[in-house]
Each structure stands twice: as C-alpha cells, then as structure tokens.
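Just so you know, these numbers use all the heavy atoms, side chains as well, and skip hydrogens, waters and symmetry mates.
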Amino acid sequence: MEKEFYTRAEVADMLGLSVGYLLQKDSTKLLPFEKDQKTKRVRYSREVIKKYIENKLESLKNKIPIMEVLDE
C-alpha cells in the first residue's frame with residue numbers, strides 16, 4: 001500500500017534533491033505542500049509529487065529534439 005503523504009526528507013530522497021533545494025521549490029510554489037494539523041509538519045501528497053515528476057519528464061521530452069539536432 002502506497003503512502004498518501006510524504007515528509008520533506010522522503011520527497012528529497014525520491015527526487016534526488018537536497019532538502020535545501022526542496023525548500024527553495026516550496027517558496028516558489030512549484031512543489032506545493034501542506035501542514036499536518038496535529039504535528040504541524042510539512043507533508044507532500046502523492047498526487048503533487050506525481051504531477052511534479054510528469055512535468056519534469058515532459059520538459060525533458062521537449063528538449064530532446066533540440067539535442068538530437070545538435071548531435072547531427
């Protein structure tokens with residue numbers, strides 16, 4: 001069973017980012033988070049992480065044709 005929410009450290013590890021970099025992304029709202037009402041800890045939903053990864057992959061796909069032209 002997959003978790004519904006992840007901690008900042010877990011997300012940083014999953015995405016191969018530092019916690020500091022993730023903090024920067026929080027401030028620009030590129031990777032939104034919420035605070036647990038009981039613990040007041042930051043947590044990220046699985047859907048937000050999934051959407052972030054999909055956007056990154058799409059961005060890479062858009063760059064690949066340019067790279068292929070440069071290699072020719």
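For CZ of Arg41, the number of neighbouring non-hydrogen atoms (other residues, nucleotides, ligands) closer than 6.0 Å is 12 at most. Annotation: Lys35, atom NZ; neighbour count of heavy atoms from other residues, nucleotides and ligands within 6.0 Å does not exceed 12.
Here the CG-OH distance, from Leu57 to Tyr52, works out to 11.0 Å after rounding to the nearest 0.5 Å. Arg8 CZ to Leu22 CG: the interatomic distance, rounded to the nearest 0.5 Å, is 6.0 Å. The structure places CZ of Phe33 at 6.0 Å from OH of Tyr44, a figure rounded to the nearest 0.5 Å. Taking CD1 from Ile49 and CD from Glu10, the interatomic distance works out to 8.5 Å, rounded to the nearest 0.5 Å.
The hydrophobic cluster containing Ile53 also contains Leu31, counting ILVMFWY residues as joined when their side-chain heavy atoms lie under 4.5 angstrom apart, directly or transitively. No continuous path of hydrophobic side-chain contacts links Leu30 to Val19 [ILVMFWY only; heavy atoms under 4.5 Å]. Under the 4.5 Å side-chain heavy-atom criterion for grouping Ile, Leu, Val, Met, Phe, Trp and Tyr, Leu23 is not connected to Tyr21 through any hydrophobic cluster. In the hydrophobic clustering of this structure, Met14 does not group with Phe5; members are Ile, Leu, Val, Met, Phe, Trp, Tyr whose side-chain heavy atoms approach within less than 4.5 Å, directly or through other members.
A salt bridge links Arg43 and Asp36; the closest N-O separation between the charged side-chain nitrogens and carboxylate oxygens is under 4.0 Å.
Side-chain contact between Asn55 and Lys51 is present, with at least one heavy-atom pair separated by less than 4.5 Å.
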